[in-house]
S.K.: 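Take this structure, written in structure tokens, and hold onto it; I'll ask about it next.
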Amino acid sequence: MADVDSSRIVFLGPPNSGKGTQAVRLAETLEIPPISTGEMLRQAVTDGSELGLRVEAVMNRGDLVSDELMAEVVRNRLARPDAEEGFLLDGYPRTLPQAATLDAILASRDVELHDVVLLDAPEEVLVARALGRGRKDDREAVVRERIRVYFEKTAPLVELYDERGLLRRVDGDHEMDRVERAILDSLEGGPT
Ligand code: AMP
């Protein structure tokens with residue numbers, strides 16, 4: 001049995017792999033907070049907060065916000081009481097330095113990650129999903145840029161977590177219920 005009382009999980013995957021939806025579902029099942037850095041940043045932009053003003057242009061061109069700024073955002077979020085007993089991080093870490101920052105945050109509390117779920121799908125599926133959805137920043141050039149950035153900056157994390165024995169690969173190119181079951185089956189200790 002997985003220790004569902006203190007699940008610390010990271011979701012990895014290219015944009016539009018279905019990661020956001022699955023992260024929310026899994027977090028609900030495991031009763032841990034889903035923490036989406038993308039959602040946090042979009043909310044900051046909507047609110048017109050100082051953070052929002054700093055990240056809006058970067059986000060709109062499909063690029064990544066700086067590791068330094070993200071470290072601050074994530075450190076503050078994980079310090080909140082609801083994240084004490086576990087969390088599901090969706091969209092962080094996204095670079096090797098961010099992975100090191102997360103390691104440092106967890107080490108300072110003497111806790112560890114349990115699972116890193118990699119949700120994957122072929123590039124054309126990702127692009128088709130993004131354009132179908134038509135979010136403001138999801139025009140094709142930006143979509144392709146986000147995918148390119150994923151392969152350049154984020155894909156190296158797959159190997160890092162695989163070497164640590166934390167990686168759970170899940171095929172995201174299926175309907176949602178099937179993907180959800182596959183994710184649960186992939187977690188340490190099998191189905192919960
Ligand atoms: P997402 O919804 O996770 O695809 O995030 C939307 C956008 O927010 C990304 O394209 C980035 O510009 C920014 N973002 C979210 N998480 C991070 C992160 N961990 N590092 C840098 N930028 C991020």
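Every number for a ligand or one of its atoms is a count from 1 in the order of the listing. This one's a predicted model, so the numbers in the text were calculated from it and none came from an experiment.
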S.K.: How close do Phe87 and Ala83 get, heavy atom to heavy atom, and via which atoms?
M.R.: CD2-O, 3.8 Å
S.K.: Nearest non-hydrogen atom to atom 7 (C) of ligand 1 belongs to which of Met59, Met70, Glu56, Lys19?
M.R.: Met59
S.K.: Counting only heavy atoms not in Arg54, do more than 12 fall under 6.0 Å of its CZ?
M.R.: no
S.K.: Just by modelled atom types, is the Ser17 backbone N or O under 3.5 Å from a matching donor or acceptor in the Arg129 side chain?
M.R.: yes
S.K.: Heavy-atom distance to atom 12 (O) of ligand 1: which of Leu102, Asp63, Val73 wins?
M.R.: Asp63
S.K.: For atom 18 (C) of ligand 1, state which one of Arg42, Arg94, Met40, Glu39 supplies the nearest heavy atom.
M.R.: Arg94
S.K.: I'd like to check whether Asp90 has a polar contact with ligand 1, where a contact means an N/O of the residue lying under 3.5 Å from an N/O of the ligand.
M.R.: no
S.K.: Counting each atom of ligand 1 from 1 as listed, which ones have a heavy atom of Thr37 under 4.0 Å away?
M.R.: 15 (C), 16 (N), 17 (C), 19 (N)
S.K.: Please check if Leu157 and Leu126 belong to a single hydrophobic cluster, counting links between Ile, Leu, Val, Met, Phe, Trp and Tyr side chain heavy atoms closer than 4.5 Å.
M.R.: yes
S.K.: N/O of Tyr92 under 3.5 Å from N/O of ligand 1, yes or no?
M.R.: no
S.K.: Could Glu123 and Arg144 be called an ion pair, given the rule that one side-chain N must be under 4.0 Å from one carboxylate O?
M.R.: yes
S.K.: What atoms in ligand 1 come closer than 4.0 Å to a heavy atom of Gly91?
M.R.: 16 (N), 17 (C), 18 (C), 19 (N)
S.K.: Who's closest to atom 5 (O) of ligand 1 heavy-atom-wise, of Ala44, Gly62, Gly38?
M.R.: Gly38
S.K.: Could you go step by step and tell me if Asp162 and Arg168 meet the salt bridge (Lys or Arg N to Asp or Glu O under 4.0 Å) rule?
M.R.: CA-CA 8 Å; Asp162 200 15; Arg168 326 285 175 227; over 6 Å; no
S.K.: Show me which atoms of ligand 1 lie under 4.0 Å from any heavy atom of Gln98.
M.R.: 18 (C), 19 (N), 20 (N), 21 (C)
S.K.: Can you confirm whether Glu159 is buried at CD, in the sense that more than 12 heavy atoms of other residues, nucleotides or ligands lie under 6.0 Å from that atom?
M.R.: no
S.K.: One residue to check: Leu64. Relative to ligand 1, which of side chain, backbone, both or neither has a non-hydrogen atom less than 4.0 Å away?
M.R.: both
